[in-house]
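The next block holds one structure in the form of structure tokens; read it before the comments.
Order of the sequence lines sets the chain letters (A, B, ...), proteins ahead of strands, with each chain counted from 1.
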Number of protein chains: 2
Amino acid sequence: MSQRQSKSEAAGNRESERRRTILRAAIDVFARKGYHGCRIADVAREAGVAYGLVYHYFKNKDELLETVVETGWSGFVSRMRAVAEDESASLEQKVRGIADVAFEAYRVDPRAVKVLILEVARSPAGTQVVSRQQAFLDTIRMSAEMFARAQATGELRADLDPMLCASLLFGAIELGLTAFVSGLMEDRSPEALDRAKLQIAESFLRGVLPGAATPAEASWKQEKVSSGTRPKAGKRS
Amino acid sequence: MSQRQSKSEAAGNRESERRRTILRAAIDVFARKGYHGCRIADVAREAGVAYGLVYHYFKNKDELLETVVETGWSGFVSRMRAVAEDESASLEQKVRGIADVAFEAYRVDPRAVKVLILEVARSPAGTQVVSRQQAFLDTIRMSAEMFARAQATGELRADLDPMLCASLLFGAIELGLTAFVSGLMEDRSPEALDRAKLQIAESFLRGVLPGAATPAEASWKQEKVSSGTRPKAGKRS
DNA sequence: TCCCCGGCTGATTGGCGAATCAAGCAGCTG
DNA sequence: CAGCTGCTTGATTCGCCAATCAGCCGGGGA
């Protein structure tokens with residue numbers, strides 16, 4: 001398949017074939033051993049190229065990860081934004097659409113999603129390159145705005161914090177995908193994926209849409225005192 | 001797992017003061033810069049002890065993290081298990097209890113929780129020390145069993161996958177806490193924490209308890225075809 | 001008083017892996 | 001053909017940091 005096309009094919013052909021090979025290898029290796037757990041040599045071997053070539057296309061190891069992440073994440077974000085900001089759709093449709101986007105991404109490229117979940121969502125905040133952490137937080141904020149708008153039109157219960165709604169939704173999606181990534185869900189067929197997606201969207205919606213009764217809340221209000229589940233407080237101090 | 005301890009623990013065996021100081025410093029430094037982003041020297045400086053002393057109490061850097069994690073996580077797990085396996089409580093009480101345990105842990109020691117979320121929940125699976133990854137997954141499995149039992153007694157909707165319910169609950173809690181850890185929620189007062197905890201538990205319960213009507217599901221069933229939110233499939237490749 | 005012993009110190013070492021670089025090699029051009 | 005250009009190679013370099021170790025210090029026992 002790699003029919004040595006002359007270097008000057010100019011026309012359109014964006015980034016070189018080699019570069020993409022290396023990027024692909026990086027995704028696979030990062031997914032398998034994690035960013036910190038692998039060496040550049042691993043990526044080079046996986047890609048079948050010389051060690052030094054990686055540095056011809058990428059300034060350093062960090063830029064390699066940055067590129068992997070940026071590529072994958074920006075695709076996800078733009079799809080998500082399209083869904084979240086489509087004013088002709090109901091909140092319910094939007095939530096289902098977001099779940100669609102996330103699970104579709106996993107179906108298409110599970111390893112890339114694994115890298116995103118591992119290295120983006122949870123990069124140690126602190127001094128770390130802020131862009132990664134920030135990208136994730138920005139996405140949640142965007143989603144929070146979507147919930148806030150829905151609240152204004154009465155599509156979302158008024159007593160909920162939009163930011164928390166966003167966290168809930170992404171938490172559910174993320175750990176749902178994690179269940180697949182980590183092997184907790186042993187059935188990874190497309191059908192199982194689809195079922196999971198539906199259950200997540202549906203459960204979430206039932207929880208936050210303005211429904212008729214609020215049984216849980218009602219029963220909680222009179223039970224909270226008698227509940228025997230209060231922890232003793234203080235785990236070690 | 002402390003085959004290391006020197007013969008000196010004497011009677012009551014209060015682990016050395018120094019050791020605890022170092023552990024505490026490790027939590028703070030790990031929370032600030034991440035495990036990979038810090039040097040042993042940082043921990044030693046934070047603790048105000050000599051570099052070498054860290055190695056007097058811990059075999060190596062990894063055992064230091066292992067100890068931090070094990071201590072914090074085992075406390076959380078045992079509390080959680082007590083809640084999840086208390087047969088006299090309703091599912092609703094258990095779910096609220098689990099949220100209690102998690103948020104209380106955060107209230108007591110936010111930095112420790114941050115380390116747990118960052119380094120345990122999402123350690124790159126691969127070659128990584130399995131015990132961390134495993135601890136997290138085991139907890140979800142335990143919770144899944146709780147949901148399965150609740151399903152048998154009709155306390156949980158029959159059409160839900162227990163494992164996914166567990167993922168949802170933990171995803172919601174984890175990202176809820178992440179919202180605080182990462183600064184997304186600017187109000188971190190105890191009251192705000194409490195509100196968040198309640199919203200999470202309540203939303204989750206509304207979503208999974210067998211409620212009267214199922215508005216979301218009903219409307220979805222007839223809307224799914226006409227929904228305009230279907231992504232085009234294929235993000236790159 | 002001196003010596004021993006265990007907690008403690010921090011400069012030194014060794015290895016690992018990121019990043020460099022000088023030299024190959026293929027295709028193109030004159 | 002000769003010489004240029006720019007992708008490609010992988011051994012070498014270099015800095016960093018985990019882990020070691022030789023020795024210090026202070027208390028308590030003889």
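At a threshold of 4.0 Å, the pair B/Asp42-B/Lys33 counts as salt-bridged, since one of the basic side-chain nitrogens sits closer than that to a carboxylate oxygen. A salt bridge does not link B/Arg79 with B/Glu104: every distance from a Lys NZ or Arg NE/NH1/NH2 to an Asp or Glu carboxylate oxygen is 4.0 Å or more.
Going from atom CZ of A/Arg39 over to atom P of C/dG17 covers 5 Å, rounded to whole Å. As rounded to whole Å, 16 Å separates atom C1' of D/dT9 from atom CZ of A/Arg45. Atom CD of A/Glu63 is separated from atom P of C/dA19 by 10 Å (rounded to the nearest Å). Rounded to whole Å, atom C1' of D/dG10 lies 15 Å from atom NE2 of A/His56. Here C/dT13 presents its C1' atom at 13 Å from OH of B/Tyr55, a figure rounded to the nearest Å. For the pair B/His36 NE2 and C/dC16 P, the interatomic distance rounds to 17 Å; values are reported in whole Å. Atom P of nucleotide D/dA19 and atom CG of B/Leu64 are separated by 10 Å, given to the nearest angstrom. Between the C1' atom of D/dT20 and the CD1 atom of B/Ile40 lies a distance of 13 Å, rounded to the nearest Å.
For the side chain to side chain contact (heavy atoms under 4.5 Å, CB included) test with A/Leu168, the passing option among B/Ile200, B/Leu175, B/Leu168, B/Ile173 is B/Ile200; the others fail.
Comparing B/Gly48 and A/Lys59 against DNA chain C, the residue whose closest nucleotide sits nearer the 5' end is B/Gly48. A residue-by-residue look at B/Lys61 and A/Tyr51 shows that A/Tyr51 has its nearest nucleotide of DNA chain D further toward the 5' end.
Phosphate contact (OP1/OP2 of C/dG7, side-chain N/O of B/Tyr57, threshold under 4.0 Å): absent.
To the nearest 0.5 Å, the span separating CG on B/Asp28 from SG on B/Cys38 amounts to 11.5 Å.
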